[in-house]
Amino acid sequence: SELVEAYPSVSSYMFLGEAYINIQEPEQGIAAFEKALAMDPNDSELQSKIGKALVTTHDYNKAVVHYRNAVASDPNKAFLRHDLAE
């Protein structure tokens, strides 16, 4: 988190979010992903990552919103449609 404080960017928040997800801290991962998304609201990959993390916290309604936003941001990526279907 010191890196993010020193160099706040989409990629640094994304790395921080992934680190939290990898150590089974999805809520903190979601918070980091949301900060990255605030910097780049049209990033379909971030929307998908937030959706996946929300599924692990059983917040399915919010997950669906993020998956739909991901598909809307980049409708040509088939994996986003697959994530939404799951």
Pairs under 3.5 angstrom only: tabulate donor-acceptor contacts from the side chains of residues 5-14 to other protein residues two or more places apart or in another chain.
| from | atom 1 | to | atom 2 | distance (Å) |
| --- | --- | --- | --- | --- |
| Ser9 | OG | Ser11 | OG | 3.3 |
| Ser9 | OG | Ser12 | N | 3.1 |
| Ser9 | OG | Ser12 | OG | 3.2 |
| Ser12 | OG | Tyr7 | O | 2.8 |
| Ser12 | OG | Ser9 | N | 2.9 |
| Ser12 | OG | Ser9 | O | 3.0 |

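Between Leu37 atom CG and Asn42 atom CG the span is 8.5 Å, to the nearest 0.5 Å.
Residue pairs meeting the salt bridge (charged side-chain N to carboxylate O under 4.0 Å, His left out) criterion with at least one partner in residues 7-18, sequence neighbours excluded, are Glu18-Lys49. Under the side-chain hydrogen bond (donor to acceptor under 3.5 Å, both in side chains) criterion, no residue pair touches residues 28-41, with sequence neighbours excluded.
Hydrophobic clustering, with ILVMFWY side chains joined whenever heavy atoms are under 4.5 angstrom apart, keeps Phe33 apart from Phe15. Linking Ile, Leu, Val, Met, Phe, Trp and Tyr whenever their side-chain heavy atoms come within less than 4.5 Å leaves Tyr20 and Val55 in two separate clusters.
Applying the ring pair (Phe, Tyr, Trp, His ring centres under 6.0 Å) test to Tyr60 and every residue at least two apart in sequence or in another chain returns His58. Glu27 is linked by a salt bridge (Lys or Arg N to Asp or Glu O under 4.0 Å) to nothing, counting only residues two or more places apart in sequence or in another chain. Residues satisfying the side chain to side chain contact (heavy atoms under 4.5 Å, CB included) test with Leu54, not counting sequence neighbours, are Ile30, Ile50, Thr57, Asp59, Lys62, Ala63, His66.
Here the closest heavy-atom approach between residue Ala70 and residue Ser48 is recorded as CB-N, 4.0 Å. Residues Leu46 and Asp43 approach most closely at N-OD1, 3.0 Å, considering heavy atoms.
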Exercise for review: Would you please test Asn61 and Val65 for side-chain contact (heavy atoms from CB on, under 4.5 Å) and show each step?
Suggested key: CA-CA 7 Å; Asn61 291 330; Val65 169; over 6 Å; no
Check your understanding: Do Lys52 and Thr56 pass the side-chain contact (heavy atoms from CB on, under 4.5 Å) test, and can you show the C-alpha distance, the side-chain angles, and the key distance before you say yes or no?
Key -> CA-CA 7 Å; Lys52 287 178 185 177; Thr56 67; over 6 Å; no
